[in-house]
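Each remark here refers to the structure printed beneath this line.
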Amino acid sequence: MKFNINNLNPTQKKAVQSTDKPLLIFAGAGSGKTRVLTYKIAYLVEEKGISPKHILAVTFTNKAASEMKDRVQDLLPNQDVSRMSVGTFHSINARILRKEIHRLGYSNDFTIYDSDDSKRLIKSVILNHNLDVKQFEPKSVRTIISWFKNKMKTPEEIQNGANGFREENIAEIYNGYQIELKNNNAVDFDDLLVLPLDIFREYPERLNYYQSLYEFVLVDEYQDTNKPQFKFVYALSQKHRNICVVGDDDQSIYGWRGADIKNILDFEESFGDVEIVKLEQNYRSTQNILDAAFSVVSQNENRAPKKLWTENKKGELITVIESLDERDEARKILDTIQKEYSKNGKDLDNFVILYRTNAQSRPIEDQLRRNSIPYTIVGGVKFYDRKEVKDVLAYLRLIVNPLDSISFERIINFPVRGIGKTTVDKLKSFGKENNKSLFDTLQNSNELPIGQKQKQSIELFHKLIEFYRNQIDKETADNIINSLVDNLGLEEFYLTQETEESMERWENVNALISSITEFCERNENVGLKEFLEEVSLLSDIDEWNESRSSVTLMTLHSAKGLEFPIVFIAGMEDGLFPITSRLESEEDMEEERRLFYVGVTRAEEKVYLSYANSRRRFGGMPVSCIRSQFLDELPNKLVEFKSTRKRNVPIYQTNKSTHYRKSISNSPSSESKSNYQVGDVVSHKIFGTGTVLRVEGAGENAKLTVQFTGNVRKKIVAKFVK
DNA sequence: CTTAAATACTTTTTT
DNA sequence: AGTATTTAAG
């Protein structure tokens with residue numbers, strides 16, 4: 001479709017044409033946001049004469065980025081928009097760092113560590129500090145450090161503010177981790193956001209350069225930006241003051257990774273004289289769907305007041321499906337899909353099944369597979385996270401960046417070449433004493449106290465890597481990987497094991513090879529380095545092919561920005577959605593509500609909400625569940641119930657109490673029948689009597705929100721009340 | 001040093 | 001239930 005501003009409604013038009021001041025577009029779900037953004041870019045190029053290469057547009061996924069570019073290109077057939085900078089914060093920042101990071105003492109061939117790599121590095125730092133990995137679990141330390149970085153706290157700041165044994169040590173680990181990253185010539189996901197800011201601060205002329213380069217800055221999904229992301233767009237836009245951000249505070253769902261809803265709510269405060277446009281007409285969903293979504297999210301205190309409206313018809317009611325357990329749930333969802341498929345002629349790509357946690361996909365997958373329904377799953381165990389894929393990638397990464405000790409340790413003994421832990425430890429201590437990287441110690445095999453066999457093996461490995469290092473710039477990436485896999489004898493390695501698992505692993509290695517080949521066909525004149533960068537920044541949704549005729553399964557988070565005619569949300573249970581297990585504050589609950597809002601507003605025609613009366617976790621015994629409070633927040637007139645035809649036995653009963661996993665739960669006494677309901681009157685030693693407002697979980701460990709006399713509202717564990 | 005067996009751990013959500 | 005890591009035996 002060619003660019004014509006009259007394809008827009010008046011508000012959208014205003015959003016496109018307003019270019020004098022920093023602009024905030026509140027874009028509700030389904031309000032034509034993508035259209036406005038693409039039109040705006042087209043308008044900037046066509047009407048304002050801004051060259052595409054001077055435009056920076058930030059999107060939430062790489063997929064959204066390439067789609068945006070394509071759409072703008074379609075709108076402007078006479079222009080070439082290929083030089084426009086469109087991408088995620090991470091990919092745009094990675095590109096900047098490839099050019100600039102040498103200023104910070106890294107080399108431009110740096111490796112990007114994923115969470116698993118960071119975790120390994122953090123673990124080694126913990127061990128080097130002679131700390132106990134039981135007490136300082138690498139995984140949770142990584143989460144904490146990531147949080148620090150997303151809040152832009154430097155190791156020094158954390159060290160200065162640390163109190164007590166644990167905090168002081170975590171600060172130490174953080175500090176050590178940053179040093180080690182640099183030694184490895186590696187950055188993690190969070191560094192990608194933070195390091196460019198360090199460069200801007202220390203080298204103002206570089207900031208100046210990028211400020212001049214980007215005459216116009218656009219940011220999508222602005223409600224999910226965190227502090228460094230805000231600083232980045234803020235810094236870049238200071239020269240031209242041409243910035244346009246688009247977002248919806250009701251759809252902010254990444255608070256747990258530092259996203260700050262204040263960025264959007266305080267836009268005016270940050271950017272001064274600004275223009276604000278609200279897109280409130282929804283073109284996607286039926287009235288009933290919008291009403292249902294609104295009824296839940298509007299219970300949040302912390303939101304900008306607004307309400308979507310639509311000219312669409314009322315449509316069908318929201319259907320709530322009750323099931324016995326997760327397998328029954330899967331069956332019922334499948335039945336519903338089949339019904340819609342045969343009766344209403346809905347093709348499979350009309351359906352999406354959303355859930356709160358990736359683990360929920362399994363029973364649904366099983367059911368779909370049993371019935372030969374094609375499905376596509378987004379997320380879960382990622383292709384590039386599989387062990388065999390990471391092993392081969394580790395070779396490629398070490399070839400590009402020999403300082404990368406994490407990759408080195410992955411492959412020094414894969415496939416097995418007789419270099420065990422003891423030998424690696426010797427290499428490590430030699431490296432430490434002589435201030436050499438692990439890879440460089442290989443050159444000194446003569447000086448190492450190791451056996452003849454190990455020595456030979458090491459020299460061979462060293463030669464192999466060096467050989468390919470010389471090939472990087474001479475050979476294409478697919479030639480390198482083919483030759484490498486050949487050289488390592490991986491085919492034989494996997495096929496001689498003759499297990500189903502090893503066959504599958506070999507398949508995956510082949511899939512990796514094809515993805516490199518495909519990458520080489522897609523991009524001319526680029527090599528191994530570029531491939532590795534793309535791979536490390538790829539998200540699950542980027543690989544999702546919507547045109548395929550299959551049912552889609554994904555988490556609610558992944559569904560952001562997408563739309564489907566028919567949406568299922570599975571696992572509408574207390575403790576699962578909303579997740580209450582670690583819910584610490586009302587803010588967390590509000591984010592869950594927004595997540596529900598995002599889920600429901602993905603739907604164009606019909607929403608099914610499903611819950612089970614019992615569910616097993618970790619493959620253990622089934623645990624009974626209570627339906628989600630969100631279901632009770634929906635007005636009755638919008639909902640139709642499809643309940644299990646059951647007698648009045650509401651809850652699944654395990655046949656023997658011995659099946660309760662008492663030893664694991666921290667319940668001190670016997671299972672009491674403390675199943676409270678909303679409205680029950682309870683008494684408490686300290687607070688006196690009160691009424692139950694909300695029940696989370698079941699049994700004596702359930703959390704009750706109780707309104708006590710004297711306007712006291714408390715959250716209390718069930719076993720403490722009578 | 002390698003292999004097999006035991007054990008521990010997972011479930012928020014992701015770039 | 002499924003996977004990753006640790007331990008014990010060879």
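Chain letters run A, B, ... following the sequence lines, proteins first and then strands; every chain starts at 1.
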Please confirm whether the shortest side-chain N or O distance from A:Thr423 to OP1 or OP2 of B:dC1 is below 4.0 Å. yes
Atom CZ of A:Phe618 and atom P of B:dT12 are separated, to the nearest Å, by 7 Å
Let me know the distance between CD1 of A:Ile579 and P of B:dT10, rounded to the nearest Å. 14 Å
Can a side chain N or O of A:Asn358 be found less than 4.0 Å away from OP1 or OP2 on B:dT10? no
Pick the closest DNA chain B nucleotide for A:Asp190 and for A:Arg356 by heavy atoms, then say which residue is nearer the 5' end. A:Arg356
B:dT14 phosphate, OP1 or OP2: any side-chain N/O from A:Ser115 under 4.0 angstrom? no
Suppose you measure atom P in B:dT15 against the same atom in B:dT11; what distance do you get, rounded to whole Å? 16 Å
Rounded interatomic separation in angstrom, taking CG from A:Asp117 and C1' from B:dT15: 14 Å
Atom P, compared across B:dT13 and C:dA4: separation rounded to whole Å: 16 Å
A:Asp249 and A:Ser252: side chain donor to acceptor below 3.5 Å: no
Evaluate A:Tyr106 against A:Phe110 for ring pair (Phe, Tyr, Trp, His ring centres under 6.0 Å), listing each step before the verdict. CA-CA 7 Å; A:Tyr106 299 74; A:Phe110 66 86; 7.3 Å; no
What is the distance from CG of A:Asp385 to C1' of B:dT15, rounded to the nearest Å? 12 Å
Could you check whether A:Tyr254 gets within reach of a base, just the sugar-phosphate, or nothing at all, counting any heavy atom under 4.0 Å? sugar-phosphate
Taking CD from A:Glu326 and C1' from B:dT11, how many angstroms apart are they, rounded to a whole number? 13 Å
Indicate yes or no for a side-chain donor-acceptor contact from A:Asn413 to the backbone of A:Arg417 under 3.5 Å, with no hydrogens or angles considered. yes
Using a distance-only test with no angle check, is there a side-chain donor-acceptor pair under 3.5 angstrom linking A:Asp191 and A:Tyr113? no
Output the rounded distance in Å from CZ (A:Arg386) to P (C:dT3). 9 Å
Does A:Lys119 place a side-chain N or O at less than 4.0 Å from the phosphate oxygens OP1/OP2 of C:dT5? no
Hey, can you tell me if A:Phe414 and A:Phe493 have their rings parallel, tilted or perpendicular (30° and 60° cut-offs)? perpendicular
Can A:Trp256 be said to stack with the base of B:dT13, given centres closer than 5.5 angstrom and planes under 30 degrees apart? yes
Looking across every strand, which nucleic acid part, if any, lies under 4.0 Å from A:Glu591 by heavy atom: base, sugar-phosphate, or nothing? nothing
So what is the 5' to 3' dot-bracket string for DNA chain C, if pairs are Watson-Crick or G-U wobble with both distances under 3.5 Å, crossing pairs use [ ] and | means the partner sits on another strand? ||||||||||
I want to verify a distance call: between B:dT13, B:dT15, B:dT3, whose nearest atom is closest to the A:Val416 side chain? B:dT3
Between B:dT10, B:dT13, B:dT15, which nucleotide has the shortest distance from any of its atoms to the side chain of A:Thr88? B:dT15
Which one, B:dT14, B:dT15, C:dG2, comes nearest to the side chain of A:Arg362? C:dG2
Please state whether the phosphate of B:dT15, meaning OP1 or OP2, lies under 4.0 angstrom from any side-chain nitrogen or oxygen of A:Ser536. no
What is the nucleic acid contact for A:Lys139, judged by heavy atoms within less than 4.0 Å: base, sugar-phosphate only, or nothing? sugar-phosphate
Would you say B:dT15 has OP1 or OP2 under 4.0 Å from some side-chain N or O of A:Ser539? yes
State whether A:Tyr384 and A:Lys390 meet the cation-pi test: NZ (Lys) or CZ (Arg) under 6.0 Å from the six-membered ring centroid, and within 45° of the perpendicular axis. no
Would you check if A:Phe531 and A:Leu393 make a side-chain contact, meaning some heavy-atom pair closer than 4.5 Å? yes
Below 4.0 Å: OP1/OP2 of B:dC1 and any side-chain N or O of A:Asn413: no
Whole-Å distance separating the CD atom of A:Glu592 from the P atom of B:dT11: 16 Å
Please report, rounded to the nearest Å, how far the P atom of C:dG2 is from the CG atom of A:Asp366. 8 Å
Most 5' of A:Arg417 and A:Leu595 on DNA chain B, judged by nearest nucleotide: A:Arg417
With a 3.5 Å distance limit and no angle check, can you tell me whether A:Asn184 reaches the backbone of A:Leu181 through a side-chain donor-acceptor pair? no
Of B:dC1, B:dT14, B:dT11, the nucleotide closest to the side chain of A:Thr422 is B:dC1
Side chain of A:Lys134 - closest among B:dC9, B:dT10, B:dT12: B:dC9
Ring centroid separation for A:His557 and A:Tyr254, is it under 6.0 angstrom? yes
What's the closest nucleotide to the A:Phe189 side chain, out of B:dT15, C:dT6, B:dT14? B:dT15
